[in-house]
Amino acid sequence: MDRENKLNAPQQEAVETVDGPLLILAGAGSGKTRVITQRVAHLIRELGISPESILAVTFTNKAAGEMKRRVEELLGENTAGLQVSTFHSLCARILRGYGDRLGYPRNYSIYDEQDSRHLIKKIIAELNLPARQFIPGVMLARISSAKDRVLGPEDYAKTCHDHFSKETARVYERYQQALFEAGALDLDDLIMQTVCLLQTVDDVRDYFQQRFVYVMVDEYQDTNFAQYRLVKLLSDPQGNLCVVGDDDQSIYTWRGADIRNILEFEDDFPKAKVVLLEQNYRSTPNILDAAYAVVCGNFRRKDKKLWTRQPEGEKITVILSESDTAEADLIVGRIKTFQENGQYGLNECVILYRTNAQSRSFEEAMRRFSLPYVLVGGVKFFQRKEVKDVLAYATLVVNPHDIVALRRVINYPKRGLGQTTLGKLETAAEKNGHPLLHFLAEGEAVAHVVSSRAAKSVAKFIAIIEELSGLRDEKNLGDWMRFLVERIRIKNELQSDDPTQSQTRVDNVDELVAGAAEFAMINPDATLEDFLEQAALITDVDRWEPDTDAVTMMTLHSAKGLEFPVVFITGLEEGLFPLAQAMQDSDRLAEERRLFYVGSTRAKKRLYLSYARTRRRFGETVNMKSRFLAELPGDSYVTENHIGYDRLGPGGLSYQRRRVARRGARPVGLPQGANDLSAILQAGMRILHPRFGEGLIETVRGYGAGLTCEISFKSGEVKTIVARYANFEILGV
DNA sequence: GCATAGATCTTTTTT
DNA sequence: AGATCTATGC
């Protein structure tokens, strides 16, 4: 109770500083959400500010929901009109109301990456660009990054000098045009077009500037240029802008997040006040020290160090396993032991990994140990094929111009309308000047361009859409969706293909219908458009329920903003974490370090860092201990070694029964050419080389077959040696 | 128009 | 290694 409401001095200062620009540098676990919610409460209760004048923006629906809940807890129901939302839903809302000023319809569709890629692929084909070089995903990434910087097609074209970029600019232009004709915006458009709207339409900008007197932004380190512009446009001219963030937790620069937004806030707003929140209320000193040691490898960070009043707690545990499978078994087994001993419940444990692909071995281990688990991320619910298929029908009813939705389902379930027929119909509709769906409803015109069999199929398809449109106002959302699912007979379709997957797919369709019904129940005034909007903007973490009695597994990125008593960070191997692509580039490596910092500071009581000696990844077996482990303060952790070796002469190492050995226990031979043993080589090891004698490993670089060591020998010589050819012996650590 | 076999890519992270 | 996309033949 005390902890919830009593604020320390800097927190208090942050809460009470309401006028002018304010930067709150909030370290992990420093009570950031408490400060934001209390600040909102302070504005309303102490200063009598109307809730409608306050805007708080976050990145996830979950964070927004949590913030809203906690403000209500403080103020009761006196929060009507308070705007707490994500960047995307705020913009979606603004564009529903005022997008017509830019020519967008009220019922616009929101395209996800998949939809966008589909459209770009079509444009690439239309422009006759060779598919070999012009890959939709790559072009989309370029376009998306342009939109993050608020560069429209013409602005972007000015920055293009090479052939590929110039062609991308052409595709970009066509793509924007195609989106516009489809009455659609992609996710980046939501932000960029809102910025355009506020920049160019004076009365709309004036309205929002007057409405939002106090603006707050959470996770400011993750904002991109477009979001920065948006925030600035909304908070000007009063400039009561409060941003909260932590440059050490910036882990989305690859998505356009510009760390300069936070690093240069004080230059940008010269009158800005800065408050540092450095007292951590979450983790033990050992955990904080380790996290700090790794992130300190970075330059160009705001200097701050978390401290805590908490007792030291247990040391971090570093676990070395034989393989990825063994790693999973060991960790899942440990969790089961925790549960059986009553130490920690399943929902107090989280398994974190760098890439979604790693979840697989843990899922299998969970099944072997028969423990319940919740997987967050991976293929998102609303992205699943069967769910998107159902939603495409609904979207078409709302927005008949949506060409991507139409193409998605015109032949699903199969009605014999393939590429050729679709091509004919599209050409005819274009000539005719009608949107494709409207053209399809003109029976005679259709019969003119395609076979009578195809025309019949088209008529059937149109009948479904018209029937659905007719029932829209009669049925409530849940019933309407149920009817839609029955009408297109999608469940029968699903049952007839792949039997191993069909049940899950049918379940997903049922869950979608149930979700729609629930949505309608919670929001009685909600329209089908509202439901589709939320389906487009919700993420998997948003759907995660922390109270379920199950182990949570997710990527390090997804874990941002969450906390758990017990955290396992897995796959700490060079090439995986840090990721191979990041190892050559110091900026990307810095981001991996921050990701490690984010991951480890999720832990309240116990932190486990795990790596495997061999891991099957993408065909090959590559492995070497992550450099991050070498950067941990020596007294903050203990090591559990779960592999053992027998020395069988040169090149022969055999796996013994699993046992716990002390760190660097005995000499271990290194077989020639066995690149999968690189996990055991680390800086600081003493080795014996057949020619150069005894030496000390200074640094280890690369991984797999390319693994090299820099070794200083007794003779004083320093040599760089390719490990797989060296055939040296390890004497110890 | 569709089924099958072969080719290719994936595995970085997501609002 | 497995999923997904493409080309080919029916």
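Numbered from 1 within each chain, the chains take letters A, B, ... in sequence-line order. This one's a predicted model, so the numbers in the text were calculated from it and none came from an experiment.
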- Task: Could you work out the separation of B/dT11 and C/dT6 based on their P atoms and round it to a whole Å?
- Result: 16 Å
Atom-to-atom span, [atom1] of [X] to [atom2] of [N] - whole angstrom:
{"X": "A/Met583", "N": "B/dT12", "atom1": "CE", "atom2": "C1'", "result": "14 Å"}
{"X": "A/Asp222", "N": "B/dT13", "atom1": "CG", "atom2": "C1'", "result": "12 Å"}
{"X": "A/Lys456", "N": "B/dG1", "atom1": "NZ", "atom2": "C1'", "result": "18 Å"}
{"X": "A/Leu576", "N": "B/dT13", "atom1": "CG", "atom2": "C1'", "result": "12 Å"}
{"X": "A/Lys414", "N": "B/dA3", "atom1": "NZ", "atom2": "P", "result": "6 Å"}
{"X": "A/Tyr412", "N": "B/dG1", "atom1": "OH", "atom2": "C1'", "result": "17 Å"}
{"X": "A/Glu592", "N": "B/dT11", "atom1": "CD", "atom2": "C1'", "result": "13 Å"}
{"X": "A/Lys147", "N": "B/dT14", "atom1": "NZ", "atom2": "P", "result": "21 Å"}

- Ranking A/Arg453 and A/Ile135 by the position along DNA chain B of their nearest nucleotide, the one closer to 5' is A/Arg453
- Residue whose closest nucleotide on DNA chain B lies nearer the 5' end, A/Asn61 versus A/Arg415: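 Per heavy-atom nearest nucleotide, the more 5' residue is A/Arg415.
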- Task: Could you pull out all residues at least two apart from A/Arg255 that satisfy salt bridge (charged side-chain N to carboxylate O under 4.0 Å, His left out)?
- Result: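 A/Arg255: salt bridge (charged side-chain N to carboxylate O under 4.0 Å, His left out) contacts with A/Asp188.
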- Query: With sequence neighbours excluded, what pairs up with A/Lys388 under the salt bridge (charged side-chain N to carboxylate O under 4.0 Å, His left out) test?
  - Reply: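 A/Asp112, A/Asp115.
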Is [X] close enough to [N] that one of its side-chain N or O atoms is under 4.0 Å from OP1 or OP2 there?
{"X": "A/Thr555", "N": "B/dT12", "answer": "no"}
{"X": "A/Asn356", "N": "B/dT10", "answer": "no"}
{"X": "A/Thr420", "N": "B/dG1", "answer": "yes"}

- Message: For B/dT12, does the base pair up with any side-chain atom of A/Arg255 as donor and acceptor (N or O, under 3.5 Å, distance only)?
- Response: no
- Message: Under the criterion of centre distance below 5.5 Å and interplanar angle below 30°, is A/Trp254 classified as stacked on the base of B/dT13?
- Response: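 It does: the ring sits over the base of B/dT13.
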- Query: Can you tell me if A/Glu591 and A/Thr253 form a side-chain donor-acceptor pair at under 3.5 Å?
  - Reply: yes
- Any side-chain donor paired with an acceptor under 3.5 Å for A/Ser457 and A/Arg453?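 A/Arg453 and A/Ser457 do not have a side-chain donor-acceptor pair below 3.5 Å.
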Please name all residues satisfying side chain to side chain contact (heavy atoms under 4.5 Å, CB included) with [X], sequence neighbours left out, ordered by chain then number.
{"X": "A/Asp189", "result": "A/Lys147, A/Gln176, A/Leu179, A/Leu185, A/Asp186, A/Met192, A/Gln193"}
{"X": "A/Ser610", "result": "A/Ile319, A/Glu327, A/Ile331"}
{"X": "A/Ala63", "result": "A/Thr58, A/Thr60"}

- Which nucleotide sits closest to the side chain of A/Glu113: B/dT12, B/dT14, B/dT11? B/dT14
N/O-N/O pairs, protein side and nucleotides 5-9 of chain C side, under 3.5 Å:
unit_1: C/dT6; atom_1: OP2; unit_2: A/Lys121; atom_2: NZ; d: 3.4

